[in-house]
Trainee: 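Right, I'll just put the structure down here and ask away after.
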Number of protein chains: 6
Amino acid sequence: MAKVIGGYSLPNMPWQDKPSDCTDPVWRYSENPILTRKDCKGSNSVFNSAVIPYKDGYIGVFRCDTMELWPTLHVGTSKDGIHWNIKDEKIDFIPFEGGKVPNYGYDPRITEIDGRYYIVFCTNFENFGDTIGMAYTDDFESFHMMEYPTLYYNRNGVLFPRKIGDNYALLTRPGAPGHCLLGNICYSESPDLKYWGKHRALIRVTQGWQRVKVGGGPTPIETDEGWLLLYHGVTEMCNGLIYAVGGAILDRDDPSKVLYRTRDKIMTPEALYERVGDVGNVVFPCATLCDKDTGRIAMYYGAADTCVGVAFTTVDELVSYIKEHSM
Amino acid sequence: MAKVIGGYSLPNMPWQDKPSDCTDPVWRYSENPILTRKDCKGSNSVFNSAVIPYKDGYIGVFRCDTMELWPTLHVGTSKDGIHWNIKDEKIDFIPFEGGKVPNYGYDPRITEIDGRYYIVFCTNFENFGDTIGMAYTDDFESFHMMEYPTLYYNRNGVLFPRKIGDNYALLTRPGAPGHCLLGNICYSESPDLKYWGKHRALIRVTQGWQRVKVGGGPTPIETDEGWLLLYHGVTEMCNGLIYAVGGAILDRDDPSKVLYRTRDKIMTPEALYERVGDVGNVVFPCATLCDKDTGRIAMYYGAADTCVGVAFTTVDELVSYIKEHSM
Amino acid sequence: MAKVIGGYSLPNMPWQDKPSDCTDPVWRYSENPILTRKDCKGSNSVFNSAVIPYKDGYIGVFRCDTMELWPTLHVGTSKDGIHWNIKDEKIDFIPFEGGKVPNYGYDPRITEIDGRYYIVFCTNFENFGDTIGMAYTDDFESFHMMEYPTLYYNRNGVLFPRKIGDNYALLTRPGAPGHCLLGNICYSESPDLKYWGKHRALIRVTQGWQRVKVGGGPTPIETDEGWLLLYHGVTEMCNGLIYAVGGAILDRDDPSKVLYRTRDKIMTPEALYERVGDVGNVVFPCATLCDKDTGRIAMYYGAADTCVGVAFTTVDELVSYIKEHSM
Amino acid sequence: MAKVIGGYSLPNMPWQDKPSDCTDPVWRYSENPILTRKDCKGSNSVFNSAVIPYKDGYIGVFRCDTMELWPTLHVGTSKDGIHWNIKDEKIDFIPFEGGKVPNYGYDPRITEIDGRYYIVFCTNFENFGDTIGMAYTDDFESFHMMEYPTLYYNRNGVLFPRKIGDNYALLTRPGAPGHCLLGNICYSESPDLKYWGKHRALIRVTQGWQRVKVGGGPTPIETDEGWLLLYHGVTEMCNGLIYAVGGAILDRDDPSKVLYRTRDKIMTPEALYERVGDVGNVVFPCATLCDKDTGRIAMYYGAADTCVGVAFTTVDELVSYIKEHSM
Amino acid sequence: MAKVIGGYSLPNMPWQDKPSDCTDPVWRYSENPILTRKDCKGSNSVFNSAVIPYKDGYIGVFRCDTMELWPTLHVGTSKDGIHWNIKDEKIDFIPFEGGKVPNYGYDPRITEIDGRYYIVFCTNFENFGDTIGMAYTDDFESFHMMEYPTLYYNRNGVLFPRKIGDNYALLTRPGAPGHCLLGNICYSESPDLKYWGKHRALIRVTQGWQRVKVGGGPTPIETDEGWLLLYHGVTEMCNGLIYAVGGAILDRDDPSKVLYRTRDKIMTPEALYERVGDVGNVVFPCATLCDKDTGRIAMYYGAADTCVGVAFTTVDELVSYIKEHSM
Amino acid sequence: MAKVIGGYSLPNMPWQDKPSDCTDPVWRYSENPILTRKDCKGSNSVFNSAVIPYKDGYIGVFRCDTMELWPTLHVGTSKDGIHWNIKDEKIDFIPFEGGKVPNYGYDPRITEIDGRYYIVFCTNFENFGDTIGMAYTDDFESFHMMEYPTLYYNRNGVLFPRKIGDNYALLTRPGAPGHCLLGNICYSESPDLKYWGKHRALIRVTQGWQRVKVGGGPTPIETDEGWLLLYHGVTEMCNGLIYAVGGAILDRDDPSKVLYRTRDKIMTPEALYERVGDVGNVVFPCATLCDKDTGRIAMYYGAADTCVGVAFTTVDELVSYIKEHSM
């Protein structure tokens, strides 16, 4: 049995038992999608969003695209992790010294380190292109931008929830402008969250469902088997891309070492709300809730770039699957 | 309250009140789609079609693609604007002197000027490429082709329902061959519907939902606030294009001046018949019925290049929305 | 009345009468799809598969893509042609002398000649690209690879069920790497199934629904009117490709001569399971069951590269339609 | 012997006799190139320029690209047609009413009609794209912009030197943005040089050297055999485009009718200054001087988008070649 | 010392000794190019041509593109292999039974087997695309087309000068339409030059100068070390393709086995006539003369798709270089 | 008069006075090119190389592409800066801890800081793509790789010759795979040459000659007017890219601030060896020698990706030009 290290006790987190006829390692919440554009006033869509335990409930940072189709980030709160109140006003980030107010933000992840919350998302590097934005908040009221960890043409930043040795650790996916058809996951370190280096190649595209792009997903979960990382993998078919979910286990002491990594995907678009939408055939996980006591996992994912779904699994189920279906 | 200038009294036009939970400026007819391929014998699809009041009911020119997938135009009639009889035979246009019989036609608009009906559509410029076709009819039996208003690589011609000063006025969207990924709306004038000039830039692509193409939609509605123009805007996502609907208000006396123009879209594909079809994620308006007394509008639009839907709104609702969400 | 030559008496083959309101030449089985990924353990999808009468029931070779999204071929058996048992283990082909074990296989067709079964499919030409793979089996247990009939960049091989004169006859579709946007059907002959020549152009892309690619479908059915060939035709729309079904009648004595060929398509994606899936808007026939006594045909087709459907028609219905809608 | 209609007596125009070993219908001036960037202060290059007899010598409008690589038009004068003084200052066009000052201009042609000089060139349609610019001058000091004859995505406008019936006549080449790989020549008419119509297809791309683009060249020369038109034709090779020169003879009374048109090119890049430069392999004629008495022609052409060359021929030589090598 | 097997004694073949400062394995003829468009009446260019000893001199088949830029093949004769008389009239091939007259031909190779001459070239597969054309002649007066050895999208056919076991052997390069950016060399066999099979992968693209395409060159030379094969390799740079020359040694008894193959290129475009022309940066060998007694080789190559050059080397020099610079 | 800060006294550096008829701000060395493939044994080409004063002469790191067309770096030495001895053996870099031996290197720059020499070049980020490589040497014998300053898809790293405040400063040009058609110059800082941050946008593409890419060139020269930076700018023409040279002046204390930047290019390909080669139309500067006493500059640049040229100018000439032609 894989044991969760650190993490949260979440006895009341969202949960449904695995259906008896399910042979996949994850199963969808029966009331999916949990969030649609109707939950976010004046929005075109809500998807690719992150949540985290906070006080006696949950809090999240949600990607709500405007009717102009401009991505903005909004705070939302929930008692049960299923029903959410999303604020009408987008987050107004406070720029760092010498920096500019980001004019858009999307695909957020949230990581808590030592009681401070870090939001890692995609934003605008002074109109040169997309880059990794990073901000911290202590209260989900004020969000303070930090220096960009990377140059532009980079997305899918994922911050580890503790230091590795003396350094903070970050995953990113260098890319190219537009809907680029390439992307591998890299690992970088920083002594101070300001200057970054020790860049390493981590997970590269291979073949099949993950031959075009791979990118980090939710904040990794530390277990005694290693860091449990979910990631998205993308392939291109005759009529477009398919975004699916894979997983990896990274060395606990040196996460730039991949111990296992899925050859077979863990989850693929199947439900109509995943197949059909602004970008059909997309499941894109950005966050998990994980109960350290039972290993139960609720994975929050964007569906078809249109709405938010939840799927369930456990740490054990994932670790076993990843090891057995590793390449 | 915006007042309709000219136009028709249509007390029996199709109508449904706005649902109480609707927060968008338009709402769909509950029995959509109103026309599918079954309504047009031997057709692959029926979409992007135009209607107009005629005698004691309505008449229309419908795009019915054959099973060869060749676009043809058919006349249809209706008592109530919802149930239509579409003729089996396509329209046989009578060529202009020196011109050829058009071998295809699509995306028609109908405009009445001084009791004569003009059909403006896309057709073939002597096998060089698509261009604006224009024909007139007095009886919807004989359709007389007129000289092409523009050279080729042009689509989405929209004729104003009255002269502006001494000239007729036309919107077009110059483009490029194929499913081009560019297109802005231009304004041109003609003293005689034969020679055209005074070409002006009108509405250009910007960002978000309308960053790839914009093209004129139904015949503009004259109001005391200006010409009310609906247009389609197109963006490109990872898995293809999305066609949505925006609006603008043009100066009454000089429609080459844009007074307002939507930053936010008015309507976007949401219903399954708009999301899924030969070309998914398309709403494409080609005509409105507007009751000059109440300002009620029934907008006819092609859905997913497969069927025809109707959506309702009012002149007031549109004018307010366009002004409040203008860029 | 077109008469079937050779072929099988299949009094118990799958069948449903034509619905009274159906005006198309084929009609779908009411319980479609008959096979989904749940029928093929650990698979992402099952589609584009071939079946044939065998012993007192039916046998088939099924394309089951793994969760790595790697195409593999599996044997399946059925009593009624509707409910199938698909083997968990993929077919392990025995390489020809000097050849390699094919590392993937897809889009199979099955042809019986003189009591021996030939599987023609797409496979890997020594990592240079896709080519036509050919194998024979006498028992559906051992499958023996034969020399590749063609060089690489070729797909959709279809073997005729008897010799034409002294030679075997094969259709192929030369192409290019990837999801190529071109493809015509060629005809080749061989005295020994090892060396091939007398290559002839057969069916080329034209316009409309079949302007991008055409490729052979199920094994041709011999009738006194000629060889009845179903083929797929592909067009490209704004948001991707559409795969539809057409038909041709080839000269019985010299199948390199096309007697008739559809201008209008026979079947086009309409059902939700054909519109939505890993590759939406695809109907792709790979096999038919045909009762020589009644002319009833059950056509097996892949739907949206995700599942398998069945549609019904008759030899008469097809022959009449092809002749009347020929170009 | 073809006889020139109208035109100029130019006994002192540039001329060299045909070399005895030349088997082509045109021959290069032995001192080519006649103009390089050194002749145009602060310029990157000078090419694609037009000249015309004026007073007791010659005058021209020259394309001189700045060191920013921005195309500008400059007036130049010459006594002998070979040695030119080009003004340092670019032409400042006076905008038409409601129009804007063009921020660039390139590839000019000059046509004299009834003593007034018209400059037809490529310019900017309100930042939507390239279009045909037209200006008149009576003194080559003040240049007055006229309304754009066409919408945008159009180049290579060529005005006929007299009215055809009651109308002015213009050739244009509708295209697409950027270095487009398509273009056919169209014919349009106007009663007043303001409103244009009666658009006709004239010369289309075929195969070989003119399979990608064709565009009108110098102002047509009227002869008793018809209008003698030189045009450029473009093909694409493995390593880029080749611009060559062809010719056509149009009906004198109805120039929308093509009497002859070259299957074989008249001139192709051969000299090093035509092969090598900012855009290698380009010969691009924009003007001719033609002596009506002898039929001698000096053709001015841009070479490699870098410099200006002159080539010689006669009306007879061209007319014979075009008729004999017509398709 | 590598010994030539079979072949011709050519004491008077073209030859120049290696310059003392040359460190490359081949050296250019000092009077290159030996053929330009002036040598071929009415042609745009002459290049990529094949020669062979014949009677008391040499004969060749030359690619002469017309001024329409249409590739045609012409016979030429020479006493010394340097100065050639090329016939004005193109070769009129006599079609095979059921075949069509080829409407173009390019890039010929000549192979003599048992006193009969075979011309292998690129031609038109019934308007579907380029394919390998094969013809025989006994007198270089009548050329008899044979069945196409391959389906379409294939070029660069090279026939071995003797049977391998019981079969004829042929190299081809399957490709794709247009100036395709891919191509590997394959090996096929035939018992009768009519039906072909036993297709094998031979030489694939790797990296550097041969990462985009490789294709067979002159007819292989049999030596006691194996078959000496020259081939072209292509890479793509910022500003286009570069065609260079490499070499391989194939097993004498089974030429589908590669014994050695160059990692480093043998010859690369350097001379101005190779760098500049219709397609710059091309050296493309189609034939060699080889004196069996001395091993001297004169390689005939197309330069810049514009003219013909000759380069010298020896069998020893090549064999040594290939072995030492093999990958 | 601009005064050089720091730098070297180089009374014997290469120099030629400005020709009297030269109106450009730089002028070419009359014996160009100074290095060709003959100077580098077994190489395809030598270009894009860096030099620096060393001991009593000059030393350099040269890009010599192998005959496999694989870029390698070689040390070369010279007494006079014109005639160079390039070592046959490529530099074998010693990897950093946890890093790999770089398998290629190209486009080097050399910067001396506090007596240590840093080589900044393009290399391979663990097979994910090109990145900035950095190495130090104290003796030009041993070269020690340092951690990669950036993630992959980055080129044209340029290190400042002193710390800015407490940090080292580096220019880079993030990009995309292949011959990418985009690239802007960014500025980054590091306290230790290991971790990098404070990324800032510096110089972006605009229009004309620098509309596609811009990238840093030689190590900046410190003057009392600011940092004098030469950079390359790239545009795309019909037949490919043109690489030219521009300049900028950056704030001495905060080089992330641009004081001036050229609207007009400083140098453009003109000489035949710059126009014609493996990649024609390229001038690409990688180094300067600058005499601090006179301000004389010798700029070393790659020409046509084939050879090395030198051009002369002075600090004054450049500073004046940049200020006068700034945008």
Side-chain angles (χ1 to χ4, degrees), chain A residues 96-100 124-134 146-157 166-168 170-178 180-205 214 254 256-257, chain F residues 96-100 124-134 146-157 166-168 170-178 180-205 214 254 256-257:
Chain A
F96 59 81
E97 190 187 329
K100 297 186 174 61
N124 182 5
F125 185 79
E126 305 191 20
N127 293 324
F128 273 27
D130 280 355
T131 193
I132 308 296
M134 191 180 284
M146 304 159 70
E147 288 276 352
Y148 302 119
T150 63
L151 286 158
Y152 63 105
Y153 299 145
N154 208 325
R155 298 184 185 176
N156 291 301
D166 295 331
N167 282 345
Y168 295 91
L170 180 75
L171 307 180
T172 70
R173 198 207 65 190
C180 62
L181 294 183
L182 54 96
N184 300 305
I185 305 176
C186 290
Y187 173 90
S188 305
E189 292 192 359
S190 168
D192 52 11
L193 292 174
K194 184 169 183 185
Y195 300 101
W196 293 85
K198 291 190 69 175
H199 308 298
R200 295 291 180 272
L202 193 73
I203 296 180
R204 76 183 63 201
V205 295
V214 288
D254 181 0
S256 75
K257 288 190 171 46
Chain F
F96 59 81
E97 189 187 329
K100 297 187 174 59
N124 182 4
F125 185 80
E126 305 192 20
N127 293 325
F128 273 28
D130 281 356
T131 194
I132 308 296
M134 190 180 285
M146 305 159 71
E147 289 275 353
Y148 303 119
T150 62
L151 285 158
Y152 63 103
Y153 299 144
N154 208 325
R155 299 184 184 177
N156 291 301
D166 295 330
N167 283 345
Y168 296 91
L170 180 74
L171 307 181
T172 70
R173 197 206 66 189
C180 63
L181 294 182
L182 54 97
N184 300 305
I185 305 176
C186 290
Y187 173 90
S188 304
E189 293 192 359
S190 168
D192 51 11
L193 292 175
K194 184 169 184 185
Y195 299 101
W196 293 85
K198 290 190 71 177
H199 308 299
R200 295 290 181 273
L202 192 74
I203 296 179
R204 75 184 63 202
V205 296
V214 289
D254 181 0
S256 75
K257 289 191 170 47

Trainee: Taking all heavy atoms of A:C186 and all of F:L151, pick out the closest pair and write down the distance.
Mentor: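 Smallest heavy-atom distance, with atoms named: CB-CD2, 3.5 Å.
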
Trainee: Check whether F:L193 gets within reach of chain A through its side chain, its backbone, both or neither, counting any heavy atom under 4.5 Å.
Mentor: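 Nothing of F:L193, per the 4.5 Å heavy-atom cut-off to chain A.
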
Trainee: So which heavy atom on A:G98 is nearest to which on F:R200, and how close?
Mentor: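 Result for this residue pair: O-NE, 4.0 Å.
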
Trainee: With a 4.5 angstrom heavy-atom cut-off, could you sort out which part of A:L202 is near chain F: side chain, backbone, both or neither?
Mentor: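 Only the backbone of A:L202 comes within 4.5 Å of chain F.
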
Trainee: Between F:F128, F:F96, F:W196, which residue shows the highest count of heavy-atom pairs closer than 4.5 Å to chain A?
Mentor: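 The candidate making the most pairs under 4.5 Å is F:F128.
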
Trainee: So for F:N127, is it side chain, backbone, both, or neither that comes closer than 4.5 Å to the heavy atoms of chain A?
Mentor: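 Both the backbone and the side chain of F:N127 come within 4.5 Å of chain A.
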
Trainee: Looking at F:N154 and F:T131, would you say the former's side chain and the latter's main chain have a donor-acceptor pair under 3.5 Å?
Mentor: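 Not at all, since once roles are kept as given, no pair shorter than 3.5 Å links the two residues.
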
Trainee: When the ring planes of A:F125 and A:Y152 are compared, do they come out parallel, tilted or perpendicular, using 30° and 60° as the limits?
Mentor: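 Plane angle under 30°, so parallel.
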
Trainee: Look at F:P149, F:S256, F:G175, F:S190 and state which one has the largest set of heavy-atom pairs under 4.5 Å with chain A.
Mentor: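 Of the options given, most contacts go to F:G175.
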
Trainee: Might you point out which heavy atoms bring F:N167 and A:Y195 nearest each other, and give the distance in Å?
Mentor: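 For F:N167 versus A:Y195, the nearest heavy atoms are ND2-OH, 3.0 Å.
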
